[in-house]
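In what follows, a single structure is set out as structure tokens and then discussed.
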Amino acid sequence: MTVIAMSSTQAIDLDLSGVTTVLGVVLAIGVTVLLGWMWKLGHRLEGGETATPPRPERSSASTDAAVG
């Protein structure tokens, strides 16, 4: 069964309702991802972990001793 809009304003309202639904879903997904990322970052900071592991310091004296 096909529903035909009575006027152009009704057709625009029907079209915008679909757009607002899609934007609402995209916004909800974005907020969920943002909250998950913030939660993960918060736990990482509370635990004292860093985003990248610390690199060992390399001095020229230790590399010279290993080579020579």
Side-chain angles (χ1 to χ4, degrees):
M1 180 175 172
T2 305
V3 176
I4 300 173
M6 300 299 280
S7 68
S8 61
T9 56
Q10 286 180 340
I12 291 171
D13 288 341
L14 291 174
D15 187 39
L16 290 179
S17 69
V19 170
T20 55
T21 301
V22 169
L23 287 177
V25 169
V26 168
L27 182 64
I29 292 170
V31 167
T32 304
V33 168
L34 181 65
L35 287 175
W37 178 74
M38 290 175 63
W39 177 78
K40 183 178 178 182
L41 182 64
H43 276 282
R44 184 179 289 173
L45 291 174
E46 283 180 359
E49 298 178 23
T50 57
T52 57
R55 300 179 75 187
E57 293 184 21
R58 297 181 183 176
S59 65
S60 60
S62 64
T63 55
D64 291 339
V67 173

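Each residue takes its place number in the sequence, starting with 1.
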Which value, rounded to the nearest 0.5 Å, describes the distance between Leu34 atom CG and Ile29 atom CD1? 13.5 Å

Is Leu41 reachable from Leu35 through a run of I, L, V, M, F, W or Y residues, each pair having side-chain heavy atoms under 4.5 Å apart? no

Among Thr20, Val19, Thr21, the one residue meeting side-chain contact (heavy atoms from CB on, under 4.5 Å) with Leu23: Val19

